[in-house]
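Sequence lines set the chain letters: A, B, ... in the order given, protein chains first and strands last, and positions in each chain run from 1. Quick caveat: nothing in here was measured; it's all calculated off a predicted structure.
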There are 2 protein chains.
Amino acid sequence: MSKLPSLKNLSYLLALHQHQNFNRAAQACNVSQSTLSSGIQNLEEQLGCQLIERDHKSFLFTGMGEEVVEQARRILTSTEELLYFAQSQGKIMEGPLRLGCIPTIAPFLVGPLTKQLQVDYPKLQLNIREDTTENLLHLLRNGELDVLVLALPVDLQGNQSYVLGRDPFKLVMHQSMADNLHEPVQYNQLPDNSIFLLEKEHCLTGHAVAACELADSTKINPFTATSLHSLVQMADARLGATFIPQMAIDRGILNGTDLVALQPTGQQASREIGLVYRPTTNRRQTFRRLAEFIAQLLPEPLLK
Amino acid sequence: MSKLPSLKNLSYLLALHQHQNFNRAAQACNVSQSTLSSGIQNLEEQLGCQLIERDHKSFLFTGMGEEVVEQARRILTSTEELLYFAQSQGKIMEGPLRLGCIPTIAPFLVGPLTKQLQVDYPKLQLNIREDTTENLLHLLRNGELDVLVLALPVDLQGNQSYVLGRDPFKLVMHQSMADNLHEPVQYNQLPDNSIFLLEKEHCLTGHAVAACELADSTKINPFTATSLHSLVQMADARLGATFIPQMAIDRGILNGTDLVALQPTGQQASREIGLVYRPTTNRRQTFRRLAEFIAQLLPEPLLK
DNA sequence: TACTATAATCGAAAATACTAATTAAGGCTT
DNA sequence: AAGCCTTAATTAGTATTTTCGATTATAGTA
């Protein structure tokens, strides 16, 4: 059996991939440029294949190089997790935890979550990153985040998940608009272009349309908002109606407005909230505990 | 960030876990006992926790030690895969491939499979291990096998799978027993204790009973067989009837007997055959190709 | 008590990793 | 086109780490 590549050299390769420059990568690794350079050459020799195409001025990762980077990232992430796990002596609710959350959940979950975690698990250092589903999944893969709170269903790309609970959608509109409507609201009672949604980057848009069975796209206004708060303001300005998740309403997003929340059409007019983690993790116990913890903060907990 | 443990030291730990003896483990690693000993101590220091409890005469892995071993195994397997992948230059159908297969599939698949692989991919070195589902899954986890052919459904324990196709069950009995039966056979026409099955270690037993909707357990003879060939012989000796998969029949398991194969009851009286692999693998392309390859050898291919 | 087997320790030797300085080449500015 | 800047590779010397063989310490066994 040939000798295994060293983690050190693999980390050099990752740094080089990230910085695309030997000097900066070397700096990031706290070694000299020559060390990194020879480390990479070493690796190429051990793996018996070319990872980067060099020219005297610059270089380019080969296809094989890119694939090795991918796999190396997973190996290093696993090793870091092992180190962390051992060092924390199996204390599952202590130390840093990097959590990613989508923008249509974060503002309404993070407050109560951090507050309650502080009470129950004061040694847990929660680090939260808010971004789109797609970006969060990328960061999870790269080992830059440990766990995500997403709205399901979504292509988990090989990751695993716990289903935490459901979050009902409400059809929100100005009081004056709601007068002659019956619940659940039939959308054909609404004028064309009267429903406002978020930009399509937000998974909430698709989930709401599907869950609330809004088949008639002529009701949807082509102008999109960038946040739930914008949607609320637009509805309050009597521009039209919109879908708002119960979580946001519970956290008072409609306070100080003249908006009402009506039951929309749809067998199960709600989205599912899930906790997503790498299949290779060794922090399942932590995530399980966290899942139970978050579930109890949702409008309709499903877990446990 | 603390320094990562070295792969070498992790492999020392694995060897020690396997051999439960410093000298033998060191021999297996081709290093001296002192090297291995200090490697382990080094690892404990880096991880900041005790992995083995020592007494001057012997030692014992701690709970943490066992968990670290588990995770280390995964890391080393990934790294070996990376090495193998790079060294084979992405040639997906070359080199060694360790395949596990259950005993109710292997004898009827391996022959045609190796023969045809030899023609299409002569550089692929297929290494086959026959064992129960449970044992095979264990070997897959430990990185001692690369891929499994199993009958589904089964608890994949976090592994991933391709569904290859279906393999119908037939109710096999002596010609003289079949005379006054109509297909699909109603089991209440059969005497008590007249259906013979395999030992319960074989997943075929459960799959056949479920797929063929054999609800009445009084029909099942408590005496169990250890192989399909035994079942066939018992049926040929007019002891009773049994379920035999189509794959086995196609490969001539009934040749030279006076047995007939009847259609059993059941909406879908068949088992599913799947190819199972680790979620962390980087040989998906190989497995995908192999899956397509195996599928075409099944009675009812589903893939592609 | 001598003998065997075990794992830890120690010091020297060997292998490896690292650095600073230098080289070589391409692109940019003047 | 000359000079300068940036880039990655190379070189040679140094520092660090790894490894080994020998030894020690301990416990069980004949």
Side-chain angles (χ1 to χ4, degrees), chain A residues 1-47 49-62 64-66 68-69 72 76 79 83, chain B residues 1-47 49-62 64-66 68-69 72 76 79 83:
Chain A
M1 191 187 79
S2 354
K3 216 190 139 206
L4 289 177
S6 79
L7 292 181
K8 201 177 288 190
N9 284 349
L10 291 180
S11 74
Y12 292 164
L13 187 73
L14 283 202
L16 184 61
H17 187 257
Q18 193 185 340
H19 294 97
Q20 292 289 327
N21 175 297
F22 275 74
N23 282 298
R24 285 195 292 280
Q27 257 184 299
C29 296
N30 293 308
V31 294
S32 70
Q33 173 260 317
S34 67
T35 299
L36 191 130
S37 177
S38 60
I40 301 288
Q41 287 174 63
N42 227 312
L43 199 56
E44 287 185 307
E45 200 167 328
Q46 284 175 342
L47 296 183
C49 68
Q50 201 178 2
L51 301 175
I52 56 182
E53 281 174 40
R54 302 153 165 83
D55 106 18
H56 280 128
K57 175 73 184 154
S58 185
F59 63 88
L60 223 156
F61 274 74
T62 64
M64 180 62 73
E66 295 281 350
V68 170
V69 163
L76 283 165
T79 313
L83 180 66
Chain B
M1 192 187 77
S2 353
K3 215 190 140 207
L4 289 178
S6 79
L7 292 181
K8 201 176 288 191
N9 285 349
L10 290 179
S11 73
Y12 292 165
L13 187 73
L14 282 202
L16 185 61
H17 188 257
Q18 192 184 340
H19 293 97
Q20 292 290 326
N21 174 296
F22 275 75
N23 281 297
R24 286 195 292 278
Q27 257 184 298
C29 297
N30 294 310
V31 295
S32 70
Q33 172 261 317
S34 67
T35 299
L36 191 129
S37 178
S38 60
I40 302 287
Q41 285 175 66
N42 224 312
L43 198 56
E44 286 185 308
E45 200 168 328
Q46 284 174 343
L47 297 184
C49 69
Q50 202 179 2
L51 300 175
I52 56 182
E53 282 174 38
R54 300 153 167 83
D55 123 7
H56 285 214
K57 175 73 185 156
S58 186
F59 64 88
L60 223 154
F61 273 75
T62 62
M64 179 62 73
E66 294 281 350
V68 171
V69 164
L76 283 165
T79 313
L83 180 66

Quiz item: Between C/dT16 and A/Lys8, is there an OP1 or OP2 to side-chain N/O distance shorter than 4.0 Å?
Solution: no
Quiz item: Does a nitrogen or oxygen in the side chain of B/Ser32 sit under 4.0 Å from OP1 or OP2 of D/dC20?
Solution: yes
Quiz item: Within the structure, does a side-chain N or O atom of B/Tyr12 lie under 4.0 Å from either OP1 or OP2 of D/dT18?
Solution: no
Quiz item: What's the CD-C1' distance between A/Glu53 and D/dT7, to the nearest Å?
Solution: 17 Å
Quiz item: Under 4.0 angstrom, heavy atoms only, what part of the nucleic acid is B/Asn9 near: base, sugar-phosphate, or nothing?
Solution: nothing
Quiz prompt | Per A/Gln33 side chain, nearest of listed nucleotides C/dC18, C/dA7, D/dA9 | solution = D/dA9
Quiz item: Over how many whole Å does the gap from B/Gln27 atom CD to C/dA5 atom P extend?
Solution: 13 Å
Practice problem: Starting at CD1 of B/Ile40, measure out to OH of B/Tyr12 and round the result to the nearest 0.5 Å. | Solution: 9.5 Å
Quiz prompt | D/dA9 OP1/OP2 closer than 4.0 Å to side-chain N/O of A/Ser37 | solution = yes
Quiz item: OP1 or OP2 of D/dA8 less than 4.0 angstrom from a side-chain nitrogen or oxygen of A/Gln41, does that happen here?
Solution: no
Quiz item: Rounded to whole angstroms, how far apart are CG on A/Leu51 and P on D/dA9?
Solution: 12 Å
Exercise. Start with the C-alpha distance between B/Gln46 and B/Asn42, add both sets of side-chain angles, then the distance that settles side chain to side chain contact (heavy atoms under 4.5 Å, CB included), and finish with yes or no.
Key: CA-CA 6 Å; B/Gln46 284 174 343; B/Asn42 224 312; 4.1 Å; yes
Quiz item: Does a nitrogen or oxygen in the side chain of A/Thr35 sit under 4.0 Å from OP1 or OP2 of C/dA17?
Solution: no
Quiz item: How many Å lie between CZ on A/Phe61 and P on D/dA8, as a whole number?
Solution: 11 Å
Exercise. Report the distance from atom CG of A/Asn21 to atom P of D/dA9, rounded to the nearest whole Å.
Key: 11 Å
Quiz item: C/dA8, D/dT10, D/dC20: which one has an atom nearest the side-chain heavy atoms of A/Ser34?
Solution: D/dT10
Quiz prompt | Where A/Phe59 and A/Gln20 come nearest, the two heavy atoms and their spacing | solution = CZ-C, 3.5 Å
Quiz item: For the residue pair A/Leu43 and A/Asn9, what are the closest heavy atoms and their distance?
Solution: CD2-O, 3.7 Å
Quiz item: Between the main-chain N or O of B/Met64 and the side-chain N or O of B/Gln50, is there a donor-acceptor pair closer than 3.5 Å?
Solution: no
Quiz prompt | Length of the line joining A/Leu36:CG and D/dT7:P, which is rounded to integer Å | solution = 14 Å
Quiz item: Starting at CZ of B/Phe22 and ending at P of C/dT6, how long is that distance when rounded to a whole Å?
Solution: 12 Å
Exercise. Return the value, rounded to whole Å, for the distance between atom CZ of A/Arg24 and atom C1' of D/dT7.
Key: 10 Å
